[in-house]
Amino acid sequence: MGSLFRSEEMTLCQLFLQSEAAYACVSELGELGLVQFRDLNPDVNAFQRKFVNEVRRCDEMERKLRYLEKEIKKDGIPMLDTGESPEAPQPREMIDLEATFEKLENELREVNQNAEALKRNFLELTELKHILRKTQVFFDESVPTIYKSTSHSSKYRRYLQMADNQNEDEQAQLLGEEGVRASQPGQNLKLGFVAGVILREKLPAFERMLWRACRGNVFLRQAMIESPLEDPTNGDQVYKSVFIIFFQGDQLKSRVKKICEGFRATLYPCPEAPADRREMAMGVMTRIEDLNTVLGQTQDHRHRVLVAAAKNLKNWFVKVRKIKAIYHTLNLFNLDVTQKCLIAECWVPLLDIETIQLALRRGTERSGSSVPPILNRMQTFENPPTYNRTNKFTKAFQALIDAYGVANYREMNPAPYTIITFPFLFAIMFGDLGHGAIMALFGLWMIRKEKGLAAQKTDNEIWNIFFGGRYIIFLMGVFSMYTGMIYNDIFSKSLNIFGSHWHLSYNKSTVMDNKELQLNPGTSDYEGTPYPFGMDPIWQIAGANKIIFHNAYKMKISIIFGVIHMTFGVIMSWHNHTYFRNRLSLVYEFIPQLLFLLLLFSYMVLLMFIKWNRYAATNPMPYSESCAPSILITFIDMVLFNKPKDPPEGCKVYMFSGQGFFQSLFVLLAICCIPVMLLGKPIKIMQARKLANVQPITGATSDAEVGGVSNGSASHGGGGDQHDEEEISEIFIHQGIHTIEYVLGSVSHTASYLRLWALSLAHAQLADVLWTMVLSTGLKQEGWLGGIMLTIVFAFWAILTIGILVLMEGLSAFLHTLRLHWVEFQSKFYMGQGYAFQPFAFDAIIENGSASSGEAD
């Protein structure tokens, strides 16, 4: 059987490489992506390996590249991504790359430091400019203040005018009468002040602290700076306020300055004379203009450096990650005694050995080595990794299987069969022509645009899941359209393409007024032939028994497809047993399991077809519709050996002659299969051990060898059941658990497929409710107002249809379908206890590196 149905045959190889050719050869193998290396130095610390210095150099280069990337993204510069993957550089090129990155980093850091210093200087000058403007206003306007006299305990309110402290008249206005008296010769009284800026959100606390610490002996004025200022350290926009504090005496001055320092307020020198302030303001404006020019030139230079780096940044990342991956891989190798040859062990697909040898030859030629590499196949009893080749179509289906568990080596792969069964079982639950068309069109759009969408490389996890499963979505939509046509259901309505095969014998008033009317298929109401494809549209208007009819139909097809699905899973186990030459499992597990399933549940399916075929309204007694027995009651009576109840007059107890005998025989045979499954295999293993006189612990025999044929571990890789070192009591216990699980699981799994019916019914009813409760209200309106109403209602109905019926119901049906495959189907044959083949591949390494760097950002 081809590799599509089983994993690739793998072989363990030993690789000998000359030291000078090892780098180039590993680089070629990384481009190929078909070799999984084993660590031959598991006990050696990562910091003690041969190429640890090279790995550290690569880490340092990656750090510098991440710094460049951060600065480029900060400026919003687009990074050129051609999608091409450059080859891994030669080891000697590492020095050039390191020098380039070092130069770029140093230049950028220097530019950033200069820019930060300039911005800090610019901020200080801007704040000083605002201080000079705002304080001039403070000195020019009348403001209320509270002045506390030193000789009296009472407070006096004054309106002061502060202009120039050198002017005695103005000083008299500022100090008031008492201040003038205190400022007479011999009593030198003078108000001091400090000015600065503070963050606006700190101002209320700052004002309270000043009042409490200085006991109301200071006067504070503040004004907001309208435009935000840029913080030079992080580039954030901050809002600040200008303040000026008047005080008297050196003690208050030192206290005020300490409070300003605690609140991280910035103080600036502010001259007392208006002329000095105007002169300083003119100098500040000149310096600000000069700084603006220098800052612009600095930003232009920084931008040019970043634009030049952005053109090559993606390629640099790829090159550095490839170099790092190569040296990481070389650290897994062993050195021979001469220190001139590297030895590696690797798993490779058997079919790709020639391709790998060609790649090794190319690497040797690139390095200029004259000694060719040696690739030897090794014999091993170790279980190889599982490698299933996939393409863009089968990759998503294989991911569904691997999410349950990676297959054992060379075990039957369910993915090819899941391509059909998964969308089909989904469609049984989601059957609607309209909803399926929406889903199919969405999947088809993603398939048609897949190259452009894949190139976008978004970090949106939900979108990546949708895009990765685009082929699954498309197939689910197409299959849902098919089942929707079978159900004759499109947005809860039916299509009358071929014309109904039922005819009404009542007049219109009778039909409209009487809700209990029924059409009799035994009369001329029915033409005698079914609707050509799918359900007859007459059932759409059958309000009373539409659900009853659909329930009976969907419930039966759920059981039919469920039993077929489970039987197919049991047959798949036969392929596993025959491939691994496991005669014991074939005879004592597969055969009784298949008989148990066929004799009970396949027989129940057969009764359904007999009932459909034999009983009809047009048939005479005893095969008329009134004589049709209940399949469920018949099956329960069969299993419990109950005597069937007496049928109605003129009807028969059984559907066919000999039914009672066959039912009893089938149940007895099914019961006999249980002890065979329970005891057959353990007893055979115990007998074989006694005959071979082998102790359980030594483990010289497997159950596959007991069957008379070697299991071929070297070629098949131990895919069968192994009991070499297992106690016989544990074998009995394990076999008992598997038998009980299968017998009880056959019943529960069959009932589990009824979810196909339940979700199909729920989906149809939800669609009907949306049509009746939402869209039909808009269709009943007339006139131009009805047109507007219909537009609004249709938009609301469309949103609910896509949001609830397509997305939510689709997700629910998807999860139930996944459960049916994982539990009901794969449990019959699929072990899923292997480990995945993880080759050394540059593509996967670069993709993971890009994803991790995106998450870090």
Side-chain angles (χ1 to χ4, degrees), residues 60-84 86 89 93 95-133 197 199 225-240 242 266 268 280-321 455-459 850 853-854 856-857:
E60 181 64 18
M61 286 192 288
E62 267 196 304
R63 183 195 63 77
K64 293 173 182 176
L65 288 176
R66 284 195 298 270
Y67 172 72
L68 289 174
E69 184 182 33
K70 179 183 175 183
E71 294 297 320
I72 290 170
K73 288 183 177 179
K74 188 188 293 184
D75 276 25
I77 300 172
M79 289 178 282
L80 181 63
D81 187 4
T82 59
E84 299 176 356
E93 295 180 34
I95 300 173
D96 297 336
L97 288 174
E98 285 177 314
T100 303
F101 301 158
E102 183 74 22
K103 179 184 175 183
L104 277 173
E105 186 192 25
N106 291 337
E107 185 176 2
L108 195 56
R109 287 191 184 278
E110 184 179 354
V111 169
N112 286 344
Q113 289 173 359
N114 293 338
E116 186 177 342
L118 290 171
K119 286 180 180 179
R120 188 175 288 109
N121 197 358
F122 180 79
L123 176 67
E124 292 172 355
L125 291 174
T126 306
E127 290 176 347
L128 182 56
K129 177 189 73 173
H130 286 289
I131 285 175
L132 294 173
R133 285 181 180 176
V197 294
L199 288 173
I225 301 175
E226 292 79 8
S227 57
L229 304 176
E230 183 182 352
D231 190 340
T233 54
N234 52 27
D236 293 341
Q237 299 292 321
V238 294
Y239 287 89
K240 294 188 176 183
V242 171
T266 310
Y268 291 95
M280 179 180 280
M282 292 175 61
V284 167
M285 292 302 296
T286 305
R287 290 175 62 191
I288 286 176
E289 290 176 2
D290 295 340
L291 268 180
N292 269 325
T293 305
V294 177
L295 267 174
Q297 293 174 351
T298 305
Q299 291 295 338
D300 288 343
H301 176 63
R302 180 177 185 272
H303 189 77
R304 286 195 299 271
V305 172
L306 292 177
V307 168
K311 294 179 181 178
N312 301 311
L313 189 69
K314 294 292 185 182
N315 284 345
W316 285 340
F317 262 120
V318 171
K319 288 181 179 180
V320 171
R321 284 171 181 156
Q456 292 179 3
K457 295 180 180 179
T458 177
D459 295 330
S850 301
S853 64
D857 294 339

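Numbering starts at 1 and runs along the sequence shown. From a predicted model like this one, the values you see are computed outputs, not experimental measurements.
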Nearest heavy atoms of [X] and [Y], plus distance in Å:
X      : Y      : answer
Phe317 : Glu62  : CE2-O, 4.5 Å
Thr233 : Asp231 : OG1-OD1, 2.9 Å
Ala115 : Leu295 : O-CD2, 4.1 Å

Could I get the full list of side chain to side chain donor-acceptor pair (under 3.5 Å) partners for [X], not counting sequence neighbours?
X      : value
Glu98  : Arg57
Asn312 : none
Arg63  : Glu60, Glu105
Thr458 : none

Listed partners of [X] passing salt bridge (charged side-chain N to carboxylate O under 4.0 Å, His left out), at least two apart:
X      : answer
Arg287 : none
Lys103 : none
Glu110 : none
Lys64  : Glu102

- request: Apply side-chain contact (heavy atoms from CB on, under 4.5 Å) to Ala310 and list each qualifying residue two or more places apart in sequence or on a separate chain.
  value: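 Here the qualifying residues are Ile72, Ile77, Met79.
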field: Where at least one partner belongs to residues 297-311, residue pairs that pass side-chain hydrogen bond (donor to acceptor under 3.5 Å, both in side chains), sequence neighbours excluded
entry: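 Every pair satisfying side-chain hydrogen bond (donor to acceptor under 3.5 Å, both in side chains) with a residue in residues 297-311: Glu71-Arg302, Asp75-Arg302, Glu107-His301, Asn112-Arg302.
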field: ring pair (Phe, Tyr, Trp, His ring centres under 6.0 Å) partners for Phe101, two or more places apart
entry: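 So Phe101 forms a ring pair (Phe, Tyr, Trp, His ring centres under 6.0 Å) with Trp316.
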Pairs of donor and acceptor atoms involving the side chains of residues 116-129, under 3.5 Å and at least two apart or interchain, shall be tabulated with distances.
from: Glu116; atom 1: OE2; to: Arg120; atom 2: NH2; distance (Å): 2.9
from: Lys119; atom 1: NZ; to: Glu230; atom 2: OE2; distance (Å): 3.3
from: Thr126; atom 1: OG1; to: Phe122; atom 2: O; distance (Å): 2.6
from: Glu127; atom 1: OE1; to: Tyr268; atom 2: OH; distance (Å): 2.4
from: Glu127; atom 1: OE2; to: Lys240; atom 2: NZ; distance (Å): 2.7

message: Just so I know, are the side chains of Val305 and Val111 near enough to count as touching, which here means a heavy-atom distance under 4.5 Å?
response: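 Val305 does not reach Val111 side chain to side chain.
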- prompt: How far does CD1 of Ile225 sit from CD1 of Ile131, to the nearest 0.5 angstrom?
  reply: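 Interatomic distance, Ile225 CD1 to Ile131 CD1, rounded to 0.5 Å: 7.5 Å.
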